[in-house]
Number of protein chains: 2
Amino acid sequence: MKRTSLGRVECPVARALDEIGDWWSLLIIRDAFDGMRRFSEFQKSLGISKGILTARLKHLVAIDVLQTAPISDEGGYQEYVLTKKGRDLFLVTVSLRQWAEDHCFGKTERRSTLMETASGKRVPRLALQGRDGKELDSSMTFVRKAADLDDSRAPRKAGVLRTAER
Amino acid sequence: MKRTSLGRVECPVARALDEIGDWWSLLIIRDAFDGMRRFSEFQKSLGISKGILTARLKHLVAIDVLQTAPISDEGGYQEYVLTKKGRDLFLVTVSLRQWAEDHCFGKTERRSTLMETASGKRVPRLALQGRDGKELDSSMTFVRKAADLDDSRAPRKAGVLRTAER
DNA sequence: GTAACTGGTTCTAAAATAGGACTAGACAAG
DNA sequence: CTTGTCTAGTCCTATTTTAGAACCAGTTAC
(Lines give C-alpha, C1' and ligand atoms only; values in the text may rest on other atoms or scores of the structure.)
Protein backbone atom coordinates (compact mmCIF):
# COMPACT_ATOMS: atom_id res chain seq x y z
CA MET A 1 0.00 0.00 0.00
CA LYS A 2 2.28 2.63 -1.29
CA ARG A 3 1.44 6.22 -0.43
CA THR A 4 -0.79 7.51 -3.21
CA SER A 5 1.06 9.64 -5.70
CA LEU A 6 -0.28 13.00 -6.79
CA GLY A 7 2.42 13.61 -9.34
CA ARG A 8 0.20 13.50 -12.39
CA VAL A 9 -2.82 15.30 -11.07
CA GLU A 10 -3.91 18.53 -12.73
CA CYS A 11 -4.18 20.57 -9.52
CA PRO A 12 -0.94 22.46 -8.88
CA VAL A 13 -1.44 22.41 -5.12
CA ALA A 14 -1.50 18.62 -5.21
CA ARG A 15 1.62 18.48 -7.35
CA ALA A 16 3.46 20.79 -5.02
CA LEU A 17 2.54 18.62 -2.06
CA ASP A 18 3.58 15.54 -3.97
CA GLU A 19 7.09 16.97 -4.31
CA ILE A 20 7.63 18.76 -1.02
CA GLY A 21 4.59 17.92 1.11
CA ASP A 22 6.18 15.30 3.29
CA TRP A 23 7.00 15.70 6.91
CA TRP A 24 10.57 16.98 6.56
CA SER A 25 11.19 18.56 3.19
CA LEU A 26 10.01 22.07 3.96
CA LEU A 27 11.97 22.10 7.21
CA ILE A 28 15.12 21.16 5.34
CA ILE A 29 14.39 23.94 2.86
CA ARG A 30 13.77 26.38 5.67
CA ASP A 31 17.16 25.50 7.13
CA ALA A 32 18.73 25.90 3.71
CA PHE A 33 17.26 29.40 3.53
CA ASP A 34 18.82 29.94 6.91
CA GLY A 35 22.25 29.16 5.51
CA MET A 36 22.70 25.47 6.27
CA ARG A 37 24.51 23.40 3.70
CA ARG A 38 26.08 20.33 5.27
CA PHE A 39 24.53 16.99 6.10
CA SER A 40 25.57 17.28 9.72
CA GLU A 41 24.15 20.80 10.03
CA PHE A 42 20.73 19.66 8.89
CA GLN A 43 20.87 16.60 11.07
CA LYS A 44 21.77 18.56 14.17
CA SER A 45 19.24 21.30 13.53
CA LEU A 46 16.32 19.01 12.81
CA GLY A 47 17.11 16.11 15.11
CA ILE A 48 16.09 13.87 12.23
CA SER A 49 17.39 10.34 11.86
CA LYS A 50 20.23 10.01 9.39
CA GLY A 51 18.43 7.46 7.27
CA ILE A 52 15.47 9.75 6.73
CA LEU A 53 17.67 12.76 6.12
CA THR A 54 19.62 10.84 3.50
CA ALA A 55 16.41 9.86 1.74
CA ARG A 56 14.98 13.40 1.89
CA LEU A 57 18.14 15.05 0.61
CA LYS A 58 18.35 12.56 -2.24
CA HIS A 59 14.76 13.28 -3.14
CA LEU A 60 15.22 17.05 -3.03
CA VAL A 61 18.26 16.74 -5.27
CA ALA A 62 16.34 14.44 -7.61
CA ILE A 63 13.54 16.97 -8.07
CA ASP A 64 16.06 19.80 -8.47
CA VAL A 65 15.22 21.74 -5.33
CA LEU A 66 18.71 21.20 -3.94
CA GLN A 67 21.97 20.63 -5.73
CA THR A 68 25.18 19.06 -4.45
CA ALA A 69 28.45 20.92 -4.76
CA PRO A 70 31.98 19.92 -3.76
CA ILE A 71 32.86 21.72 -0.58
CA SER A 72 36.42 22.61 -1.52
CA ASP A 73 38.32 21.94 -4.75
CA GLU A 74 37.79 18.38 -5.77
CA GLY A 75 37.55 15.22 -3.83
CA GLY A 76 36.37 16.19 -0.39
CA TYR A 77 32.93 16.40 1.20
CA GLN A 78 30.00 17.97 -0.51
CA GLU A 79 27.32 20.41 0.46
CA TYR A 80 23.69 20.98 -0.48
CA VAL A 81 22.62 24.32 -1.91
CA LEU A 82 19.27 25.60 -3.10
CA THR A 83 18.60 25.79 -6.81
CA LYS A 84 16.33 28.41 -8.35
CA LYS A 85 13.43 26.02 -7.93
CA GLY A 86 14.32 25.71 -4.28
CA ARG A 87 14.73 29.45 -3.74
CA ASP A 88 11.34 29.96 -5.33
CA LEU A 89 9.83 28.22 -2.31
CA PHE A 90 10.56 31.33 -0.29
CA LEU A 91 6.98 32.60 -0.38
CA VAL A 92 5.70 29.21 0.72
CA THR A 93 7.80 29.39 3.85
CA VAL A 94 6.80 33.01 4.43
CA SER A 95 3.09 32.25 4.13
CA LEU A 96 3.37 29.31 6.51
CA ARG A 97 5.39 31.40 8.93
CA GLN A 98 2.93 34.27 8.99
CA TRP A 99 -0.03 31.94 9.39
CA ALA A 100 1.57 30.18 12.33
CA GLU A 101 2.55 33.48 13.92
CA ASP A 102 -1.11 34.47 13.81
CA HIS A 103 -2.62 31.19 14.91
CA CYS A 104 -0.16 28.81 16.54
CA PHE A 105 1.45 30.79 19.34
CA GLY A 106 0.22 31.90 22.70
CA LYS A 107 0.42 35.63 23.38
CA THR A 108 3.48 35.23 25.55
CA GLU A 109 5.28 32.52 23.63
CA ARG A 110 8.62 33.33 22.09
CA ARG A 111 9.07 32.80 18.41
CA SER A 112 11.70 33.44 15.79
CA THR A 113 10.96 36.25 13.34
CA LEU A 114 11.76 36.93 9.70
CA MET A 115 13.54 40.27 9.36
CA GLU A 116 14.31 42.54 6.45
CA THR A 117 18.06 43.08 6.21
CA ALA A 118 17.81 46.56 4.68
CA SER A 119 15.58 48.11 7.31
CA GLY A 120 16.28 45.81 10.25
CA LYS A 121 12.52 45.59 10.75
CA ARG A 122 10.13 42.70 10.51
CA VAL A 123 9.17 41.58 7.05
CA PRO A 124 5.73 43.01 6.13
CA ARG A 125 2.63 40.92 5.67
CA LEU A 126 2.32 38.91 2.53
CA ALA A 127 -0.71 39.98 0.51
CA LEU A 128 -2.37 38.91 -2.72
CA GLN A 129 -3.37 41.91 -4.78
CA GLY A 130 -6.15 41.69 -7.31
CA ARG A 131 -6.08 43.40 -10.71
CA ASP A 132 -7.65 46.46 -9.15
CA GLY A 133 -4.95 46.69 -6.51
CA LYS A 134 -7.19 45.61 -3.67
CA GLU A 135 -6.38 42.60 -1.52
CA LEU A 136 -7.91 39.32 -2.64
CA ASP A 137 -9.27 36.69 -0.29
CA SER A 138 -10.53 33.23 -1.09
CA SER A 139 -14.13 34.33 -1.55
CA MET A 140 -13.08 36.54 -4.47
CA THR A 141 -11.52 33.72 -6.45
CA PHE A 142 -12.46 30.40 -7.97
CA VAL A 143 -10.60 27.49 -9.51
CA ARG A 144 -10.99 26.93 -13.21
CA LYS A 145 -10.52 23.28 -14.02
CA ALA A 146 -8.18 22.51 -16.85
CA ALA A 147 -11.09 21.10 -18.84
CA ASP A 148 -12.96 24.41 -18.72
CA LEU A 149 -10.44 26.34 -20.77
CA ASP A 150 -13.11 27.87 -22.96
CA ASP A 151 -15.29 28.85 -20.02
CA SER A 152 -13.12 31.33 -18.19
CA ARG A 153 -15.94 33.14 -16.44
CA ALA A 154 -17.57 30.04 -15.01
CA PRO A 155 -18.55 30.55 -11.38
CA ARG A 156 -17.27 28.30 -8.64
CA LYS A 157 -18.99 25.07 -9.38
CA ALA A 158 -20.15 24.29 -5.87
CA GLY A 159 -21.75 27.69 -5.44
CA VAL A 160 -20.99 30.24 -2.78
CA LEU A 161 -18.27 29.26 -0.40
CA ARG A 162 -19.84 28.78 2.98
CA THR A 163 -17.64 29.31 5.99
CA ALA A 164 -17.96 29.67 9.72
CA GLU A 165 -18.20 33.19 11.05
CA ARG A 166 -15.41 33.02 13.58
CA MET B 1 8.87 5.83 17.86
CA LYS B 2 6.17 8.35 17.46
CA ARG B 3 6.56 10.99 14.80
CA THR B 4 8.51 13.80 16.41
CA SER B 5 6.31 16.67 17.43
CA LEU B 6 7.19 20.21 16.49
CA GLY B 7 4.35 21.77 18.40
CA ARG B 8 6.47 23.52 20.98
CA VAL B 9 9.31 24.68 18.78
CA GLU B 10 9.96 28.39 18.46
CA CYS B 11 10.10 28.42 14.65
CA PRO B 12 6.70 29.30 13.20
CA VAL B 13 7.33 27.32 10.03
CA ALA B 14 7.82 24.20 12.11
CA ARG B 15 4.66 24.85 14.10
CA ALA B 16 2.64 25.35 10.97
CA LEU B 17 3.91 22.06 9.57
CA ASP B 18 3.16 20.36 12.86
CA GLU B 19 -0.49 21.33 12.52
CA ILE B 20 -1.12 21.04 8.80
CA GLY B 21 2.05 19.57 7.33
CA ASP B 22 0.86 16.02 6.94
CA TRP B 23 0.13 14.31 3.70
CA TRP B 24 -3.56 15.19 3.40
CA SER B 25 -4.50 18.24 5.45
CA LEU B 26 -3.71 20.92 2.89
CA LEU B 27 -5.54 19.00 0.20
CA ILE B 28 -8.62 18.83 2.38
CA ILE B 29 -8.30 22.56 2.99
CA ARG B 30 -7.85 23.19 -0.72
CA ASP B 31 -11.07 21.29 -1.38
CA ALA B 32 -12.80 23.25 1.36
CA PHE B 33 -11.75 26.47 -0.40
CA ASP B 34 -13.23 24.96 -3.51
CA GLY B 35 -16.59 24.63 -1.80
CA MET B 36 -16.59 21.09 -0.49
CA ARG B 37 -18.23 20.51 2.85
CA ARG B 38 -19.41 16.91 3.18
CA PHE B 39 -17.45 13.84 4.18
CA SER B 40 -18.36 12.06 0.99
CA GLU B 41 -17.34 15.02 -1.17
CA PHE B 42 -13.86 15.04 0.31
CA GLN B 43 -13.59 11.30 0.09
CA LYS B 44 -14.58 11.21 -3.54
CA SER B 45 -12.42 14.14 -4.54
CA LEU B 46 -9.28 12.93 -2.79
CA GLY B 47 -9.63 9.18 -3.18
CA ILE B 48 -8.47 8.94 0.42
CA SER B 49 -9.39 6.04 2.66
CA LYS B 50 -12.26 6.74 5.00
CA GLY B 51 -10.27 5.93 8.10
CA ILE B 52 -7.60 8.49 7.28
CA LEU B 53 -10.16 11.08 6.25
CA THR B 54 -11.98 10.62 9.53
CA ALA B 55 -8.74 11.12 11.45
CA ARG B 56 -7.72 14.16 9.41
CA LEU B 57 -11.09 15.87 9.71
CA LYS B 58 -11.11 15.24 13.45
CA HIS B 59 -7.66 16.75 13.73
CA LEU B 60 -8.55 19.80 11.64
CA VAL B 61 -11.61 20.36 13.81
CA ALA B 62 -9.52 19.90 16.95
CA ILE B 63 -7.05 22.60 15.91
CA ASP B 64 -9.89 24.89 14.83
CA VAL B 65 -9.17 24.95 11.11
CA LEU B 66 -12.51 23.35 10.33
CA GLN B 67 -15.75 23.45 12.23
CA THR B 68 -18.71 21.08 12.06
CA ALA B 69 -22.18 22.41 11.43
CA PRO B 70 -25.53 20.61 11.22
CA ILE B 71 -26.51 20.35 7.60
CA SER B 72 -30.19 21.11 8.02
CA ASP B 73 -32.22 21.88 11.14
CA GLU B 74 -31.34 19.43 13.84
CA GLY B 75 -30.58 15.76 13.75
CA GLY B 76 -29.34 15.08 10.24
CA TYR B 77 -25.87 14.91 8.77
CA GLN B 78 -23.21 17.48 9.38
CA GLU B 79 -20.79 19.37 7.23
CA TYR B 80 -17.31 20.78 7.65
CA VAL B 81 -16.68 24.46 7.08
CA LEU B 82 -13.53 26.55 7.30
CA THR B 83 -13.03 28.74 10.33
CA LYS B 84 -11.13 32.03 10.17
CA LYS B 85 -7.96 30.13 10.99
CA GLY B 86 -8.69 27.83 8.08
CA ARG B 87 -9.50 30.64 5.66
CA ASP B 88 -6.24 32.31 6.63
CA LEU B 89 -4.44 29.42 4.96
CA PHE B 90 -5.46 30.88 1.62
CA LEU B 91 -2.06 32.40 0.90
CA VAL B 92 -0.36 29.13 1.73
CA THR B 93 -2.36 27.37 -0.95
CA VAL B 94 -1.76 30.22 -3.39
CA SER B 95 1.99 30.16 -2.86
CA LEU B 96 2.13 26.40 -3.31
CA ARG B 97 -0.03 26.64 -6.40
CA GLN B 98 2.07 29.30 -8.05
CA TRP B 99 5.30 27.48 -7.25
CA ALA B 100 4.00 24.26 -8.76
CA GLU B 101 2.71 26.08 -11.83
CA ASP B 102 6.22 27.38 -12.39
CA HIS B 103 8.14 24.22 -11.63
CA CYS B 104 6.03 21.07 -11.67
CA PHE B 105 4.30 21.07 -15.05
CA GLY B 106 5.52 20.36 -18.54
CA LYS B 107 4.90 23.09 -21.07
CA THR B 108 1.98 21.27 -22.61
CA GLU B 109 0.43 19.81 -19.47
CA ARG B 110 -3.01 20.95 -18.49
CA ARG B 111 -3.53 22.39 -15.06
CA SER B 112 -6.30 24.01 -13.09
CA THR B 113 -5.98 27.75 -12.54
CA LEU B 114 -6.97 30.15 -9.79
CA MET B 115 -9.13 32.93 -11.22
CA GLU B 116 -10.25 36.29 -9.93
CA THR B 117 -14.04 36.45 -9.88
CA ALA B 118 -14.26 40.20 -10.44
CA SER B 119 -12.13 40.38 -13.56
CA GLY B 120 -12.46 36.81 -14.81
CA LYS B 121 -8.69 36.80 -15.24
CA ARG B 122 -5.98 34.77 -13.58
CA VAL B 123 -5.02 35.76 -10.08
CA PRO B 124 -1.79 37.85 -10.19
CA ARG B 125 1.51 36.67 -8.78
CA LEU B 126 1.93 36.69 -5.07
CA ALA B 127 4.75 39.03 -4.02
CA LEU B 128 6.41 40.00 -0.78
CA GLN B 129 6.99 43.74 -0.65
CA GLY B 130 9.71 45.23 1.52
CA ARG B 131 9.32 48.44 3.50
CA ASP B 132 10.58 50.39 0.51
CA GLY B 133 7.94 48.85 -1.75
CA LYS B 134 10.41 46.70 -3.66
CA GLU B 135 10.01 42.95 -3.87
CA LEU B 136 11.88 40.95 -1.25
CA ASP B 137 13.61 37.66 -1.89
CA SER B 138 15.23 35.31 0.58
CA SER B 139 18.65 36.90 0.27
CA MET B 140 17.27 40.18 1.60
CA THR B 141 15.97 38.68 4.84
CA PHE B 142 17.26 36.80 7.85
CA VAL B 143 15.68 34.96 10.74
CA ARG B 144 16.01 36.52 14.15
CA LYS B 145 15.95 33.81 16.80
CA ALA B 146 13.63 34.40 19.71
CA ALA B 147 16.62 34.58 22.02
CA ASP B 148 18.10 37.54 20.10
CA LEU B 149 15.29 39.93 20.92
CA ASP B 150 17.68 42.68 21.90
CA ASP B 151 19.82 42.23 18.83
CA SER B 152 17.45 43.08 16.03
CA ARG B 153 20.12 43.96 13.49
CA ALA B 154 22.12 40.78 13.88
CA PRO B 155 23.17 39.40 10.50
CA ARG B 156 22.27 35.90 9.42
CA LYS B 157 24.32 33.79 11.73
CA ALA B 158 25.66 31.39 9.13
CA GLY B 159 26.89 34.20 6.91
CA VAL B 160 25.92 34.86 3.33
CA LEU B 161 23.40 32.46 1.89
CA ARG B 162 25.13 30.46 -0.77
CA THR B 163 22.99 29.06 -3.54
CA ALA B 164 23.40 27.44 -6.91
CA GLU B 165 23.31 29.74 -9.90
CA ARG B 166 20.63 28.00 -11.88
C1' DG C 1 -41.16 -0.91 3.96
C1' DT C 2 -37.26 -1.45 1.57
C1' DA C 3 -33.26 -0.03 -0.91
C1' DA C 4 -29.59 2.94 -1.29
C1' DC C 5 -26.69 6.44 0.65
C1' DT C 6 -23.97 8.75 4.44
C1' DG C 7 -20.67 8.84 7.68
C1' DG C 8 -18.32 6.56 9.83
C1' DT C 9 -15.45 2.11 12.58
C1' DT C 10 -12.53 -1.84 12.42
C1' DC C 11 -9.37 -5.04 10.35
C1' DT C 12 -4.95 -6.48 7.85
C1' DA C 13 -0.84 -5.75 5.24
C1' DA C 14 2.46 -2.69 3.54
C1' DA C 15 5.20 1.46 3.97
C1' DA C 16 7.47 5.13 6.54
C1' DT C 17 9.79 6.72 10.76
C1' DA C 18 12.85 6.91 14.99
C1' DG C 19 16.74 5.58 16.92
C1' DG C 20 20.80 3.24 17.27
C1' DA C 21 24.82 0.34 15.59
C1' DC C 22 28.10 0.21 12.23
C1' DT C 23 31.50 1.79 8.47
C1' DA C 24 34.37 3.70 4.43
C1' DG C 25 36.65 7.57 3.32
C1' DA C 26 38.37 12.45 4.72
C1' DC C 27 41.06 15.07 7.51
C1' DA C 28 44.17 16.52 11.36
C1' DA C 29 48.04 15.86 14.52
C1' DG C 30 52.32 14.11 15.50
C1' DC D 1 52.84 7.49 7.41
C1' DT D 2 50.32 6.14 11.43
C1' DT D 3 46.84 6.88 14.60
C1' DG D 4 42.67 8.91 15.90
C1' DT D 5 38.63 11.58 15.11
C1' DC D 6 35.01 13.43 12.08
C1' DT D 7 31.73 13.15 8.20
C1' DA D 8 28.37 11.29 5.69
C1' DG D 9 26.33 8.06 5.21
C1' DT D 10 24.19 2.54 5.29
C1' DC D 11 21.71 -1.03 7.65
C1' DC D 12 18.77 -2.99 11.14
C1' DT D 13 14.75 -3.40 14.30
C1' DA D 14 10.62 -1.80 16.72
C1' DT D 15 6.85 1.18 16.28
C1' DT D 16 3.69 4.10 13.89
C1' DT D 17 1.12 5.44 9.97
C1' DT D 18 -1.23 4.50 5.77
C1' DA D 19 -4.06 2.14 2.09
C1' DG D 20 -7.65 -0.52 1.09
C1' DA D 21 -11.38 -3.25 1.95
C1' DA D 22 -15.13 -5.09 4.80
C1' DC D 23 -18.64 -3.99 7.86
C1' DC D 24 -22.44 -1.28 10.18
C1' DA D 25 -25.96 1.98 12.23
C1' DG D 26 -28.67 5.85 11.22
C1' DT D 27 -30.77 8.79 7.24
C1' DT D 28 -32.96 9.68 3.15
C1' DA D 29 -35.21 8.27 -1.27
C1' DC D 30 -38.73 5.62 -3.51
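We use all heavy atoms of the structure for the numbers below, so side chains are in, but hydrogens, waters and symmetry mates are not. Fair warning: this is a prediction, and the values are worked out from it, not measured in the lab. So you know, we letter chains A, B, ... as the sequences are listed, proteins then strands, and number each from 1.
- Comparing A/Lys50 and B/Gly47, the nucleotide of DNA chain D nearest to each residue sits closer to the 5' end for A/Lys50.
- In this structure, of D/dG26, D/dA19, C/dG8, it is D/dA19 that holds the atom nearest to the side chain of B/Trp23.
- If you measure from atom CG of A/Asp22 to atom P of C/dA18, you get 11 Å, rounded to the nearest angstrom.
- Side-chain proximity of A/Ser40 to the nucleotides C/dG8, D/dT18, D/dA8 is greatest for D/dA8.
- Comparing C/dT17, D/dA22, D/dA19 against the side chain of B/Ile52 picks out D/dA19 as the nearest.
- Distances shown here put a side-chain N or O of A/Thr54 below 4.0 Å from the OP1 or OP2 atom of D/dT10.
- Close to D/dT17, at under 4.0 Å from its OP1 or OP2, lies no side-chain N or O of B/Trp24.
- C/dG8 atom P lies 13 Å from atom CD of B/Glu41, rounded to whole Å.
- In this structure, A/Gln78 does not reach the D/dT7 phosphate: none of its side-chain N or O atoms is under 4.0 Å from OP1 or OP2.
- The pair A/Asp88-A/Lys84 meets the salt-bridge criterion, with a side-chain N (NZ, NE, NH1 or NH2) lying under 4.0 Å from an Asp/Glu carboxylate O.
- Taking every heavy atom of both residues into account, B/Thr113 and B/Arg111 meet most closely at OG1-O, 3.7 Å.
- Separating the CG atom of A/Leu57 from the P atom of D/dT10 is a distance of 10 Å, rounded to the nearest angstrom.
- Proximity note for A/Arg38 (side chain, C-beta onward) versus C/dT6, D/dA8, C/dG8: the nearest is D/dA8.
- Paired with B/Leu60 under the rule side-chain contact (heavy atoms from CB on, under 4.5 Å), one option of B/Thr83, B/Leu82, B/Val65 passes, and it is B/Val65.
- Closest to the A/Tyr77 side chain, of the nucleotides D/dT7, C/dG7, D/dT10, is D/dT7.
- Note on A/Lys44 versus A/Asp31: no salt bridge recorded, every NZ/NE/NH1/NH2 to OD/OE distance being 4.0 Å or above.
- At a threshold of 4.0 angstrom between heavy atoms, the contacts of A/Lys58 are confined to the sugar-phosphate backbone, with no base atom among them.
- Closest to the side chain of A/Ile48, from the set C/dG7, D/dG9, C/dA18, is C/dA18.
- You'll find that the side chain of A/Thr4 is closest to D/dA19, out of D/dA19, D/dA8, C/dG7.
- Between the CD atom in A/Glu19 and the CG atom in A/Asp64 there is a gap of 9.5 Å [rounded to 0.5 Å].
- Candidate nucleotides D/dT17, C/dA16, D/dG9 were compared by shortest atom distance to the side chain of A/Arg3, and C/dA16 ranks first.
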